[in-house]
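Contents: one structure, followed by commentary.
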Amino acid sequence: MITKTNLLTILFGACLLIHCHALFEDSFSIQKVENSDDLADVYMGADFLTAVLFYCNNSQSVVFEPVFIEFAELKKNFYRFVAVDCDLIQNDTSNDIAPACNPKYRDYLPQIIFLEPPQHRIDPQTNKTAQPKQHRYIGEATYEDLSDFAKDHMPSFHKTLVSKRDLEKFLAYQPNLNKVLMFVNKRSLPAYLKALTSAFRDRLSVRNFSFESCD
């Protein structure tokens, strides 16, 4: 016999289930991934630092949703953001590509893996497609901590010119090619310029860098 209390419990559980399955669907800054092929493309196709959030239908994921959405909305021009529904992925693929989705780790979800794209698309040691570095996020569930962690692992596809001869060679090499120069007195670039090196990778240079700075 279904009592009023039991009915309320059932309705609450159903509402929670519906809400969790709809996580991140309203954010245009976050790519939803629900199958292994799309997840494989994420791992192999990133030029930007990519934050991959593995989540499932649990209360922790619901609580974390607004934090990740805020992070994605405010940093969408600097990084890329992916949300992986482990309830779907674990039924579609082995745990090799998504170990965080292993059912035995369900109580530890959500988890974030930052994918740092390699400096060279082809690994010079193996002559195969280079794999991204994986950085497991360890920190508080706050926008500030996520932002600091991402900044520490942000790639930069630029080459530093350290002499007048370097500058002359750069300007003379393929003169019809679009080039960018920045004169700075520091060895590290601001985050917005690092983002540009990702956005225009391979389009401002035929070499392994697309953004030039000189100090």
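Note that the structure is a prediction, hence the values are computed from the model and not measured.
- Contact of the Val67 side chain with the Leu146 side chain is registered, since non-hydrogen atoms from C-beta on lie closer than 4.5 Å.
- Put simply, Tyr105 and Val84 are part of two different groups of oily side chains (I, L, V, M, F, W, Y) that touch within less than 4.5 Å, one to the next.
- Using modelled atom types, no side-chain atom of Asp145 and backbone atom of Gly139 make a donor-acceptor pair closer than 3.5 Å.
- With Ser29 as the fixed residue, the side chain to side chain donor-acceptor pair (under 3.5 Å) test singles out one of Lys76, Lys75, Glu73: Glu73.
- Between Thr129 and Met44, the closest side-chain pair of non-hydrogen atoms falls below 4.5 Å.
- Inter-residue side-chain proximity for Pro117 and Pro132 is flagged as unmet; no heavy-atom pair is nearer than 4.5 Å.
- In terms of the ring-ring contact (aromatic ring centres under 6.0 Å, His included) criterion, Phe48 has no residue partners (sequence neighbours excluded).
- Side-chain atoms of Val82 and Leu115, non-hydrogen and from C-beta on, never get closer than 4.5 Å to each other.
- Not a single ring-ring contact (aromatic ring centres under 6.0 Å, His included) links Phe64 to another residue, sequence neighbours left out.
- Looking only at distances, no side-chain donor or acceptor of Asp38 sits under 3.5 Å from a matching main-chain atom of Val33.
- Evaluated for a side chain to side chain contact (heavy atoms under 4.5 Å, CB included) with Tyr143, the options Ile69, Asp148, Leu74 yield exactly one hit, Leu74.
- Although no hydrogens or angles enter the test, the distance criterion places a donor-acceptor pair under 3.5 Å between the side chain of Gln60 and the main chain of Asp107.
- Between Gln111 and Ile138 there is no side-chain heavy-atom pair separated by less than 4.5 Å.
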Worked verdict on Cys101 versus Cys56 for disulfide bond (SG atoms under 2.5 Å apart): CA-CA 8 Å; Cys101 288; Cys56 69; over 6 Å; no
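- Not one N or O on the side chain of Tyr55 forms a donor-acceptor pair closer than 3.5 Å with the backbone of Asn58.
- Separation of atoms NE2 (His153) and NE2 (His135) is listed at 4.5 Å; rounding is to 0.5 Å.
- Taken to the nearest 0.5 Å, the CG atom of Leu88 stands 12.0 Å off from the CG atom of Leu39.
- Atoms CD and OH, on Glu116 and Tyr79 in that order, are 11.5 Å from each other to the nearest 0.5 Å.
- Between Pro124 and Asn127, the shortest heavy-atom contact is O-OD1, 4.1 Å.
- Of all the heavy atoms in Phe68 and Ala51, the pair that sits closest is CZ-O, 3.9 Å.
- Using a 3.5 Å distance cut-off with no hydrogens or angles, the side chains of Arg80 and Gln31 do not pair a donor with an acceptor.
- With sequence neighbours excluded, the residues satisfying ring-ring contact (aromatic ring centres under 6.0 Å, His included) with Phe71 are Phe81.
- In this structure, the separation between CG on Leu49 and CZ on Phe114 is 6.0 Å, given to the nearest 0.5 Å.
- For the atom pair CG (Asp85) and CG (Leu109), the distance works out to 10.0 Å, reported to the nearest 0.5 Å.
- Atom CD in Glu25 sits 11.5 Å away from atom CD1 in Ile30 (nearest 0.5 Å).
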Working for side-chain contact (heavy atoms from CB on, under 4.5 Å), residues Val52 and Phe54: CA-CA 6 Å; Val52 183; Phe54 297 90; 3.7 Å; yes
